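Following: one structure in structure tokens, then a few remarks.
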Amino acid sequence: MSESVLEVSHLRKVYQKRDVLKDVSFRLEPGTATALVGPNGAGKTTLIRILAGLVIPEEGSVSLLGSQNDRELRLARQQVGFIVESAFGYDTMSVTRNLDLRAELYGKPDKAWLEELRQELRLTPEYGVARREQLKLLSLGQKGRYALASALVNKPKLLVLDEPLVGIDRENVKVVSDLLNRLCGEGMTMLLSGHVAEQLQKICSHALLLDKGVMTGPVPMEEVVEEEDGEEEA
Ligand code: ADP
């Protein structure tokens, strides 16, 4: 078996005496795109916050990119791109400056890559984002695309995105899907959460299902979407 990019073992998280994650275990293989699907309150954000190191679980462990201990885990996080709730950035600075600053946090910014991200994710004047446009003035959809650009500045090996398609219109969902598909094809591993599986179908081949803190799967994406359609019709 190849070395997994992310391995989660027996995670348990308790909030106010209630288990919001119950014995969650899974692994991601390199170059795969996995959906994390579940209704509101299922525990998706809590799981992603644990992966990002923002929340400490009561039990269980996380290994990223083969990390064997806490120090290696912290270092490995520098090769992971996250969107957790809102996008990182300074509201009164421009999109371009924000992306430059974020890239500088990881070392020497790759200017060509940052420009490619701005172009591919339509964060350019032709799509209504002026060169000096302040982050706080972006529309919801533009903010969503900025959040993705910001998670990608360091060309991560693993991308973990909480609800990456929220607020993005149909046309731009295609823009985002095309970019993520290309990056996945080039070997980037992805975990993308959402409460509607259908939206993630164009990117992910299979899904992990989370409900009331209990994980099942992986399940092929078509099966999850079929079930979703059935529930809608019922
Ligand atoms: P999802 O992202 O799937 O909508 P969450 O991980 O946000 O689910 O929430 C899972 C459960 O944990 C919910 O019942 C939520 O109310 C609870 N929860 C999340 N964060 C906290 C917190 N900081 N304190 C107390 N309860 C929390």
Side-chain angles (χ1 to χ4, degrees), residues 5-28 32-64 73-74 77 80-89 140-141 143-148 150-152 156 158-168 173 176-177 180 189-221 223-232:
V5 176
L6 167 62
E7 183 146 10
V8 163
S9 306
H10 305 294
L11 278 189
R12 176 171 179 240
K13 180 67 201 166
V14 180
Y15 278 130
Q16 291 158 345
K17 297 189 183 161
R18 198 164 54 87
D19 282 25
V20 296
L21 291 178
K22 300 174 191 168
D23 196 23
V24 167
S25 300
F26 66 95
R27 52 186 279 142
L28 301 182
T32 56
T34 305
L36 174 62
V37 178
N40 290 329
K44 305 181 296 294
T45 301
T46 303
L47 172 58
I48 288 178
R49 298 194 85 195
I50 290 172
L51 301 181
L54 301 171
V55 163
I56 307 294
E58 266 64 42
E59 287 172 30
S61 64
V62 173
S63 168
L64 284 171
L73 180 61
R74 275 197 302 277
R77 283 201 179 100
V80 182
F82 286 102
I83 297 181
V84 190
E85 288 141 23
S86 57
F88 173 92
L140 193 60
K143 267 200 183 121
R145 277 154 29 227
Y146 162 77
L148 178 57
S150 149
L152 284 168
L158 169 66
L159 197 56
V160 179
L161 309 179
D162 197 9
E163 301 268 2
L165 302 177
V166 161
I168 298 184
V173 163
V176 169
S177 311
L180 292 180
T189 309
M190 303 181 184
L191 180 66
L192 314 179
S193 87
H195 55 278
V196 185
E198 199 205 336
Q199 289 183 332
L200 298 169
Q201 193 184 15
K202 288 198 177 68
I203 310 163
C204 301
S205 54
H206 52 278
L208 294 164
L209 308 179
L210 199 56
D211 194 7
K212 298 190 184 78
V214 177
M215 183 171 279
T216 49
V219 192
M221 213 54 202
E223 275 181 33
V224 188
V225 173
E226 262 169 38
E227 202 164 297
E228 212 166 60
D229 289 346
E231 276 166 20
E232 258 169 39

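Just follow the structure's listing: the first ligand is 1, and inside any ligand the first atom is 1. Computed from a prediction, not measured in an experiment: that's the story for all the values here.
Polar contact with ligand 1: absent for Gln16 (N/O pair, distance under 3.5 Å). Polar contact check, Asn40 against ligand 1: no nitrogen or oxygen pair lies under 3.5 Å apart.
Counting atoms of ligand 1 from 1 in the listed order, those under 4.0 Å from a heavy atom of Pro39 are 3 (O). Close approach to Ala42 involves these atoms of ligand 1, each under 4.0 Å from a residue heavy atom: 1 (P), 3 (O), 8 (O).
Here the side chain of Lys13 pairs no donor or acceptor atom with the backbone of Glu58 at under 3.5 angstrom.
Between the side chains of His195 and Glu163, at least one donor N or O sits under 3.5 Å from an acceptor N or O. A side-chain N or O of Thr34 and one of His206 form a donor-acceptor pair less than 3.5 Å apart.
By the 4.0 Å heavy-atom criterion, Gly38 is excluded from the residues contacting ligand 1.
Put simply, CZ on Phe26 and CG on Leu11 are 7.5 Å apart, with the number rounded to the nearest 0.5 Å. One distance of note links CG of Leu191 with CG of Leu158; it measures 7.5 Å at 0.5 Å rounding.
For atom 18 (N) of ligand 1, the closest heavy atom belonging to the protein is Tyr15 CD1, 3.5 Å.
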Which donor-acceptor pairs under 3.5 Å do the side chains of residues 39-47 make with protein atoms, sequence neighbours left out?
from	atom 1	to	atom 2	distance (Å)
Lys44	NZ	Gly38	O	2.8
Lys44	NZ	Pro39	O	3.0
Thr45	OG1	Asp162	OD2	2.8

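Remark: among candidates Asp211, Val20, Leu210, Asp19, the nearest residue to atom 11 (C) of ligand 1 is Val20, based on non-hydrogen atoms.
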